[in-house]
Amino acid sequence: MGQPPDAARRRVAVLGSTGSIGRQALEVLAAHPDRFELVALAAGRNQALLEEQVAQLRPARSVLAGDEAAPLVEIAAADDVDLVIVATGGLVSLRAVLAALAAGKVVATANKETLVAGGHLVMPLARALADARRPVGVSSSAADALAWLRPIDSEHSAIWQCLVGEPARAVERLILTASGGPFRTASPAELAAVTVAQALRHPTWQMGAKITIDSATLANKGLEVIEAHWLYDVGYDAIEVVIHPQSVVHSAVRFVDGSLKAQLGTPDMRLPIQYALTYPERAPSPAAPADLLAARRLDFEAPDEARFPALRVAREAALAGPWATAALICADEVAVARFLAGSLTFDGIPRLLEAAVNRYARFDVSPPDVDQLGELDADVRATFATLPLGAVS
Ligand SMILES: NC(=O)c1ccc[n+]([C@@H]2O[C@H](COP(=O)([O-])OP(=O)(O)OC[C@H]3O[C@@H](n4cnc5c(N)ncnc54)[C@H](OP(=O)(O)O)[C@@H]3O)[C@@H](O)[C@H]2O)c1
């Protein structure tokens with residue numbers, strides 16, 4: 001209900017086509033030429049790969065945007081685009097997402113900043129589209145807005161898949177699973193000595209460097225709690241995190257009758273990318289099928305917020321509101337870049353996040369608009385990019 005009109009063959013733009021999600025999105029699109037036509041590509045700096053993609057896929061338009069947001073807005077709102085895949089990191093695609101939704105396009109997003117920093121701007125547009133297209137007399141479902149703003153993150157895709165067909169009032173609790181990363185059983189002393197190479201070795205997922213480090217600190221799960229709040233309109237006390245080292249159960253929903261629905265699959269991002277593109281249908285996928293006998297056992301444990309304080313800091317930011325969550329995700333980009341460059345220790349990452357949240361949390365003013373988010377991002381970078389580790393406390 002409240003669905004976008006059916007398009008026989010959707011015309012798709014990919015923002016961030018040269019990255020980890022972008023390249024996998026192109027694979028999914030290429031596997032379904034009957035359903036999708038690629039019309040536009042945008043990348044940041046990787047000119048060689050963008051040129052290769054253009055030569056191979058022949059989109060009508062392509063742009064190497066550097067740090068610029070304007071070319072993405074133009075592509076996302078263009079008349080010949082039905083669906084925009086957002087696969088950039090950072091805040092750079094927020095304006096493009098807002099422009100696409102305002103123009104009535106479907107947005108499929110892997111990007112976290114869109115929701116963690118801009119959920120209060122983005123979700124009203126997606127809900128308005130769903131409300132405007134819902135047939136008279138049909139009541140709303142928990143998944144309506146997701147037909148317009150479609151999550152690609154595997155956890156949010158899993159929750160979405162569990163919610164389809166369920167009324168919002170039936171939902172009691174969302175359960176986000178986390179692999180626990182490579183240091184799930186590490187002691188505080190071991191965590192303090194973690195090297196970049198160790199942190200980049202994720203046990204179950206192959207991903208870009210930023211999100212791999214975020215998985216190791218559990219900051220990623222904290223950001224996902226905030227995303228879940230915005231996507232599903234659920235309070236923070238009803239969003240739980242459970243460590244599940246095998247990454248087979250991608251997330252779950254508990255309903256008011258006490259039953260639990262979960263979505264299971266192999267850890268392969270092409271699955272949630274494809275679901276976001278073909279929804280409400282499913283289609284054959286190149287990913288290996290889920291196999292319970294091969295999985296053999298599925299373990300679950302509570303997260304340890306004392307050893308992984310980034311999760312606690314993210315929850316505190318969530319409760320402090322949109323200025324704090326925006327500061328959190330901007331600071332996380334700085335912290336991870338510093339860790340990768342060797343100017344911050346692994347256990348310094350959550351300390352930097354906490355310092356940023358405390359500094360920028362604002363309760364006395366309305367939530368930040370797009371311009372204010374840009375200014376906040378610049379200020380966080382200027383403040384924390386070079387601060388000596390000892391000053392980050
Ligand atoms: N990787 C995963 O498995 C995964 C899973 C769930 C969620 N996510 C989320 O998805 C997003 C992308 O992650 P990723 O791992 O794919 O990142 P990534 O590999 O670092 O790719 C980022 C992409 O964004 C592009 N980009 C940067 N600035 C741009 C601009 N101004 N205009 C257009 N493109 C620009 C980059 O282009 P250049 O390379 O050309 O500079 C690259 O194509 C992140 O928010 C991440 O948290 C990722």
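Order of appearance sets the numbers: ligands from 1, and atoms from 1 within every ligand. The figures here come from the full heavy-atom set of this structure, side chains too, leaving out hydrogens, waters and symmetry mates.
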Problem - Option with minimal heavy-atom separation from atom 22 (C) of ligand 1, where the choices are Ala70, Ala87, Gly208, Pro272 - result: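 Residue with the shortest heavy-atom distance to the ligand atom: Ala87.
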Exercise for the section: Could you name the option among Ala110, Gly16, Gly44, Gly22 that has the heavy atom nearest to atom 27 (C) of ligand 1? Expected result: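 The residue whose heavy atom sits nearest atom 27 (C) of ligand 1 is Gly44.
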Practice task
Give a yes or no on whether the backbone of Val14 and the side-chain of Ser17 come within a donor-acceptor separation of less than 3.5 Å.
Solution key: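 Between the backbone of Val14 and the side chain of Ser17 there is no qualifying donor-acceptor contact (under 3.5 Å).
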Problem - Part of Asn220 with heavy atoms under 4.0 Å of ligand 1, whether side chain, backbone, both or neither - result: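 Looking at Asn220 and ligand 1, no heavy atom falls under 4.0 Å.
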Exercise for the section: Under 4.0 Å, heavy atoms only, figure out whether ligand 1 is touched by the backbone of Lys112, its side chain, both or neither. Expected result: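 For Lys112, backbone and side-chain atoms both sit under 4.0 Å from ligand 1.
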Run the numbers for me: atoms of ligand 1, each under 4.0 Å from some heavy atom of [X], listed by number.
| X | result |
| --- | --- |
| Ile21 | 1 (N), 2 (C), 3 (O), 4 (C), 5 (C), 10 (O), 16 (O), 48 (C) |
| Glu68 | 31 (N) |
| Ala65 | 30 (C), 31 (N), 32 (N) |
| Gly66 | 28 (N), 29 (C), 30 (C), 31 (N) |

Exercise for the section: Could you tell me the residue and atom name of the protein heavy atom closest to atom 8 (N) of ligand 1, and the distance to it rounded to 0.1 Å? Expected result: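 Among all protein heavy atoms, the one nearest atom 8 (N) of ligand 1 is Ile211 CD1, 3.5 Å.
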Problem - Sub-4.0 Å heavy-atom contact, Leu72 with ligand 1 - result: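 Leu72: in contact with ligand 1 (<4.0 Å).
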Problem - Is_contact(atom 41 (O) of ligand 1), protein non-hydrogen, under 4.0 Å - result: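 It does: a protein heavy atom is found less than 4.0 Å away from atom 41 (O) of ligand 1.
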